[in-house]
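First the structure, in the form of structure tokens, and then the observations on it.
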Amino acid sequence: MCGIVGYVGGRQAAPILLDGLKRLEYRGYDSAGIAIHNCRHTNLIKAEGKIKVLEEKLGGAYPEGCAGIGHTRWATHGRPSDVNAHPHTDCTGDFMVVHNGIIENYQELKEWLQSKGHVFKSETDTEVIPHMIEHFYDGDLLEALKKTISRLEGSFALGVISRREPGTIAAARKSSPLIAGLGEGENFIASDIPAILQHTRKVYILEDGEMVKITKDSVEVYDFLGTPVAKSVFEVKWDAVAAERGGYPHFMLKEIHEQPRAFKDTMAGRIFPEKGEIRLDDVHLGKDYLQNLKKIFIVACGTAYHAGMVGKYIIEKLTRIPVEVDIASEFRYRNPMIDKDMLVIIISQSGETADTLAALRESRKQGARVLAVTNVVGSSVSREADDIIYTWAGPEIAVASTKAYSTQLIALDMIALYIARILGTMPDEDAKDIIAAMKKLPDQAKTLLESEDRLKAIGQKISGHQDVFYIGRGLDYPLSLEGALKLKEISYIHAEAYAAGELKHGTLALIEEGVPVIAPVTQEHLFEKTLSNIKEVKAREGYVIAIANDGNEEIKKSVDDVIYIPKTHPILSPVLTVIPMQLLAYYAAVARGCDVDKPRNLAKSVTVE
Ligand code: F6R
């Protein structure tokens with residue numbers, strides 16, 4: 001996944017593609033490539049690293065040709081390398097493909113293609129696509145693409161060129177953005193508007209389930225059955241900077257809105273509700289090893305540490321293995337008692353945080369096995385761990401972590417279920433229920449994001465306060481810690497989170513008239529208990545905003561505002577509950593005029609102690 005650009009027209013394609021890719025550089029990537037057609041052959045150039053490296057490889061001479069596709073890759077399947085970079089080709093080299101997204105059933109497709117004699121070069125999921133197009137091609141590129149995508153499961157934005165049909169690009173979209181740019185005697189495809197904004201402001205925004213065939217003089221859109229679709233032209237009014245944010249005022253808001261897609265990708269090819277099964281390709285914890293496991297440590301910093309605290313509740317509940325959660329900067333210096341019968345789960349979005357990496361090394365030195373949860377393929381953490389789960393959240397640009405946190409929660413849910421299924425600590429039916437509920441999370445997150453206007457109003461209300469408190473019980477407690485961190489790091493409002501039962505042991509002294517208290521009450525078995533704590537706050541005239549499950553009418557009687565979240569399995573509710581917390585923090589920060597994407601004194605990746 002990352003950036004796609006494609007061109008057909010009367011000009012040389014290579015400089016247009018390279019320039020388009022550079023305009024997507026802000027999104028982050030680990031390798032890049034282009035494929036250029038001229039009348040006789042196709043030139044394919046790929047390189048690990050920055051576009052500069054690709055240009056150096058070209059040696060100052062751009063391959064000639066007026067049609068081509070280009071890609072910047074953010075690795076998911078297979079480490080960053082020249083071979084794994086896109087475009088990918090089939091056995092004949094006739095078909096070139098760039099792809100954003102994740103093909104869930106690529107293993108099965110790869111085996112099928114191998115049985116037919118196809119030879120694979122890369123470790124990617126994408127490579128099945130050019131081989132399938134080669135298999136289905138019978139004189140019509142779009143038709144071959146149509147047959148191919150009918151067998152793909154997962155998400156994709158695809159661009160394909162073929163020397164058998166020079167001057168044509170076929171492209172398709174399912175759950176990953178793609179546009180067609182409309183020029184004069186030239187046309188484009190791109191994953192993001194900035195890639196082509198300097199050439200045209202007229203675009204078709206493709207919807208899920210749409211394909212497009214472009215030549216220099218035509219742009220034809222079809223559905224996946226091949227029926228023509230009439231599109232209206234979208235006139236881009238944004239300047240280049242707004243276009244980078246997809247029209248959102250900040251990357252943070254864009255990334256909050258990307259969560260439904262990020263959830264889907266993170267679960268892609270890993271959860272199987274019908275069988276109650278979890279498959280984690282890069283995790284190899286055998287039954288014997290798990291049966292002897294004395295303890296699990298979860299070690300991380302900041303937001304990732306908060307995800308770990310949620311993970312503790314869930315892993316202990318489902319597996320009955322004791323879990324200890326540690327802040328990496330403490331863990332590494334406290335001479336922790338670790339041995340080979342302990343598993344250390346390291347969580348790090350960037351995979352480069354200095355303290356977290358040191359904790360990983362210390363754990364391995366003492367003989368423990370390390371499982372890493374990270375968002376960056378090829379990061380130090382991913383290279384040094386024994387087992388890995390990637391959160392396929394895509395690049396996170398805003399400093400405050402949002403989609404990385406919620407996908408870390410999903411990864412931890414999957415780890416808990418994976419271990420519980422191997423150890424047999426939960427009945428089949430319970431596993432099936434949880435996994436079926438996981439499948440619904442992307443749509444539920446989408447529904448939740450529709451109530452943004454209310455959250456904006458409440459965010460503005462709390463923006464004028466000096467102090468905000470968060471209280472919760474059970475899973476709502478570690479979640480409250482994350483809600484408070486989000487608010488303080490971007491709005492600079494003092495925010496504290498407490499286990500709701502702890503408030504009366506001192507902190508209640510700080511609650512007075514109008515002090516905002518945010519109280520998630522999603523854990524129904526603890527509802528009455530938290531309600532008593534809310535009443536303690538109300539008795540001191542605090543202003544309580546509850547976050548409750550849909551249908552909880554009772555809470556309305558005791559609080560000032562209620563934000564409802566779609567009902568899910570109780571262990572999954574943090575994945576949804578965090579979304580209104582992120583939006584409250586975001587709108588409070590915006591109301592205070594803060595620089596939301598670049599808050600003071602914070603870096604995206606903390607590589608110092
Ligand atoms: C807060 C935030 C930080 C990071 C922390 C760890 O929004 O982003 O607290 O969570 O610096 O970073 P990673 O996960 O990259 O190790």
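Just follow the structure's listing: the first ligand is 1, and inside any ligand the first atom is 1. Keep in mind that this is a model prediction, so the values were computed, not measured.
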Identity and separation of the nearest protein heavy atom to atom 14 (O) of ligand 1: Gln349 N, 2.6 Å

From the candidates Thr303, Ile490, Val373, the one that places a heavy atom nearest atom 9 (O) of ligand 1: Thr303

Side-chain (Thr374) to main-chain (Tyr390) donor-acceptor, under 3.5 angstrom: no

Under 3.5 Å: N/O of Gln408 near N/O of ligand 1: no

Distance-only side-chain donor-acceptor flag, His494 / Asp467, under 3.5 Å: yes

Ligand-side contact atoms (ligand 1) for residue partner Glu489, heavy atom cut-off under 4.0 Å: 1 (C), 7 (O)

Polar side-chain atom of Arg592 near backbone of Ser491 as donor-acceptor pair, under 3.5 Å: yes

Contact partition for Glu352 relative to ligand 1, non-hydrogen atoms under 4.0 Å: neither

Distance filter under 4.0 Å to Ala304 heavy atoms, resulting ligand 1 atoms: 10 (O), 14 (O)

Pair Asn549-Thr522, side-chain donor/acceptor within less than 3.5 Å: no

Numbered atoms and elements of ligand 1 in range of Val399, under 4.0 angstrom, heavy atoms: 8 (O)

Mutual orientation of the aromatic rings belonging to His71 and His86 [parallel < 30°, tilted 30-60°, perpendicular > 60°]: parallel

Atom 11 (O) of ligand 1: nearest protein contact (heavy atom, Å): Val606 CG2, 4.0 Å

Nearest candidate to atom 15 (O) of ligand 1, where distance is taken over non-hydrogen atoms, out of Gly302, Ser350, Cys301: Ser350

Side-chain H-bond candidate by donor/acceptor type, Glu452 with His257, under 3.5 Å: yes

For Ser401, the ligand 1 atoms whose distance to one of its heavy atoms is below 4.0 Å: 7 (O), 8 (O)

Per-atom contacts of ligand 1 with Lys486, taking only distances under 4.0 Å to non-hydrogen atoms: 1 (C), 7 (O)

Within the 6.0 Å centroid threshold, strictly below: Tyr470 and Tyr498: no

Atoms in ligand 1 with a heavy atom of Ser348 nearer than 4.0 Å: 13 (P), 14 (O), 15 (O), 16 (O)

Protein residue, atom and distance nearest to atom 12 (O) of ligand 1, heavy-atom basis: Thr353 OG1, 3.4 Å

Pair Thr303-Lys486, side-chain donor/acceptor within less than 3.5 Å: yes

Those atoms of ligand 1 less than 4.0 Å from some heavy atom in Ala400: 7 (O)

Check: Tyr106 ring centre within less than 6.0 Å of His77 ring centre: yes

